Protein chains: 2
Amino acid sequence: MSIKIFLADDHRIMREGLRAMLEKKGGLEVIGEAGDGRTAVRLVKEMRPDIIIMDIGMPELNGIEATRRIIKNCPGVKIIALSIHSDKRLVSEMLKAGASGYVLKEAAFSELIDAIHTVKRGCSYISVEIQDVINKKLSKHPLYSELTDREREVLQLLAEGKSTKQIASCLDVSAKTIDSHRQQIMKKLNMHSVAQLTKYAIREGITSI
Amino acid sequence: MSIKIFLADDHRIMREGLRAMLEKKGGLEVIGEAGDGRTAVRLVKEMRPDIIIMDIGMPELNGIEATRRIIKNCPGVKIIALSIHSDKRLVSEMLKAGASGYVLKEAAFSELIDAIHTVKRGCSYISVEIQDVINKKLSKHPLYSELTDREREVLQLLAEGKSTKQIASCLDVSAKTIDSHRQQIMKKLNMHSVAQLTKYAIREGITSI
DNA sequence: GACTAAATAGGAATAACCCCGAATCTTAGT
DNA sequence: ACTAAGATTCGGGGTTATTCCTATTTAGTC
């Protein structure tokens with residue numbers, strides 16, 4: 001029985017490269033892929049892979065949020081973050097969200113293979129470069145303390161330039177609901193413009209520049 | 001005689017993925033790689049590949065500067081930029097530096113293969129997505145013009161979270177004038193939300209995060 | 001002088017914002 | 001199991017901001 005793997009990364013060339021390398025290995029099977037977080041959450045729910053290799057910077061729904069939801073939906077599934085960032089906040093948020101592994105894109109492919117087998121056994125795999133970062137557990141101001149899941153989701157779409165209507169249609173709810181969410185976000189953060197919200201979202205890694 | 005290819009990208013997993021896919025194709029040979037721009041310049045001088053696939057964001061020496069130096073050193077070598085950015089400034093800087101191709105990492109691998117053969121024949125290859133970006137800037141009435149001083153001034157205040165009224169009062173003109181400026185900015189940049197403008201302003205260094 | 005772009009605005013339609021209330025649904029605690 | 005708190009979902013209704021189209025004045029260029 002081979003290990004079923006799902007790829008989530010917004011760069012198609014990266015997905016194709018990973019797939020090519022993974023499929024050369026025995027005992028692994030890439031059963032699906034997605035180019036954004038929202039699609040990943042949906043497809044994983046259907047396909048039930050063993051392991052997800054998840055990029056962090058993705059449109060629509062970033063890798064941290066996607067991880068949080070997938071872990072909630074599908075408790076057995078293991079997630080390995082594959083990121084270009086060694087930023088401590090992102091690492092700790094990703095692990096807090098439920099990821100079992102964290103590998104940098106500048107690492108060797110063999111490290112990813114190690115991570116896959118380690119995580120499959122139920123252990124967790126953290127790159128050495130990252131390990132140092134983890135030890136400094138600064139939970140002083142937790143990154144995602146203020147906003148709820150839904151609010152962060154709305155904020156990301158807002159920071160990506162979408163209008164209230166577009167967000168509503170994207171999330172399949174009434175525009176009035178999005179209205180309420182945005183109001184709540186602004187109230188919580190004490191901000192009163194899209195520009196400020198956008199900068200906040202960038203600082204917090206909810207969206208990318 | 002196969003085409004000799006050199007890979008320059010700071011993410012080793014990306015290099016390995018590209019190598020795996022390229023070597024499955026016939027007529028191509030990856031003869032070397034580098035994880036930073038400075039090393040790339042040095043190795044290319046020794047190895048004399050036909051084509052270099054060059055990432056832009058690299059440590060030590062970025063892809064644009066590396067391209068400039070390689071073209072100076074080795075006039076016959078062709079360079080294809082493989083980047084995550086479709087930013088107009090980066091594209092034009094890269095082409096000005098001497099690159100013959102520009103492909104996005106979110107493109108299909110087959111596009112990169114097309115680019116390799118196109119560039120080998122002496123032609124240049126620009127992704128359709130990039131072409132749009134360039135054409136839009138060039139074809140709109142404000143001919144590939146950057147923003148005016150006044151527009152940049154307005155954009156900065158906008159990206160700092162100020163309202164139209166606040167900006168108007170700040171610059172001592174009618175709010176309607178600021179309206180027009182913002183409209184003109186959006187038209188020139190082909191953006192339609194404050195969020196996008198804010199990100200642009202950050203990228204351009206007009207405001208800080 | 002003719003032409004062009006920049007900076008300046010007005011009017012009208014559209015969208016965003018902000019207050020209120022309120023029905024479900026989860027979750028945590030006792 | 002009950003309760004309390006919070007999250008999520010919407011509607012009404014009014015205010016404010018934005019967008020779109022158009023138009024004038026000013027400044028610089030050829």
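Residue numbering restarts at 1 for every chain, and letters A, B, ... go by the order of the sequence lines. Everything numeric here is computed off the predicted structure, so don't read it as measured data.
Atoms CZ (Arg152(A)) and C1' (dA7(D)) sit 12 Å apart, rounded to a whole Å. In this structure, the CD atom of Gln196(B) is 11 Å from the P atom of dT19(D), given to the nearest Å. As rounded to whole Å, 13 Å separates atom P of dT26(C) from atom CG of Asn73(A). Rounding to whole angstrom units, CE of residue Met186(B) and P of dA15(C) are separated by 14 Å. Here the C1' atom of nucleotide dA9(C) and the CD atom of Gln184(B) are 14 Å apart, to the nearest Å. Here dA7(D) presents its P atom at 10 Å from CG of Leu147(A), a figure rounded to the nearest Å. Atoms CD (Glu151(A)) and P (dG6(D)) sit 13 Å apart, rounded to a whole Å. Summarising the geometry, the separation between NZ on Lys188(B) and P on dT19(D) is reported as 17 Å, rounded to the nearest angstrom.
A salt bridge links Glu151(A) with Lys188(A): the distance from a Lys NZ or Arg NE/NH1/NH2 to an Asp or Glu carboxylate oxygen falls below 4.0 Å. A salt bridge links Glu60(A) with Lys162(A); the closest basic N to acidic carboxylate O contact falls under 4.0 Å. Ion pairing between Arg19(A) and Glu16(A) fails under the 4.0 Å rule for side-chain N and carboxylate O. Using a 4.0 Å cut-off between charged side-chain N and carboxylate O, Glu111(B) and Arg12(A) make no salt bridge.
Computed from C1' positions of five pairs at each end, the angle between the two local axes of the helix from dG1(C)-dC30(D) to dT30(C)-dA1(D) equals 50°, rounded to 10 degrees.
Distance alone, capped at 3.5 Å, is enough to place a donor-acceptor pair between the Lys199(B) side chain and the Ala159(A) backbone. A distance-only check finds no donor-acceptor pair linking the side chain of Arg68(A) to the backbone of Ala97(A) [under 3.5 Å]. Side-chain atoms of Gln196(B) come within 3.5 Å of backbone atoms of His192(B) as a donor-acceptor pair (strictly under, hydrogens ignored).
The phosphate of dA16(C) has OP1 or OP2 within less than 4.0 Å of a side-chain N or O from Thr164(A). The side chain of Thr148(A) contributes no N or O atom lying less than 4.0 Å from OP1 or OP2 of dG6(D). Between Lys165(B) and dT16(D) there is no side-chain N or O to OP1 or OP2 distance below 4.0 Å.
From Met54(A), atom CE reaches atom CG of Leu82(A) across 11.0 Å, with rounding to the nearest 0.5 Å. How far OG of Ser2(A) is from CD of Glu23(A): 10.5 Å, rounded to the nearest 0.5 Å. Taking CD1 of Ile56(B) as the reference point, atom OH of Tyr102(B) lies at 3.5 Å (rounded to 0.5 Å). Rounded to the nearest 0.5 angstrom, Asp10(A) CG and Asp55(A) CG are separated by 5.5 Å.
In the region residues 170-183 of chain A, proximity to DNA chain C at under 4.0 angstrom, judged on heavy atoms, holds for Lys176(A), Asp179(A), Arg182(A), Gln183(A). Listed by residue number, the members of residues 153-162 of chain A with any heavy atom below 4.0 angstrom from DNA chain D form an empty set.
A 4.5 Å side-chain heavy-atom check between Leu22(A) and Ile116(A) finds at least one atom pair inside the cut-off.
Within 4.0 Å of Val194(B), counting heavy atoms only, lies no atom of the nucleic acid at all.
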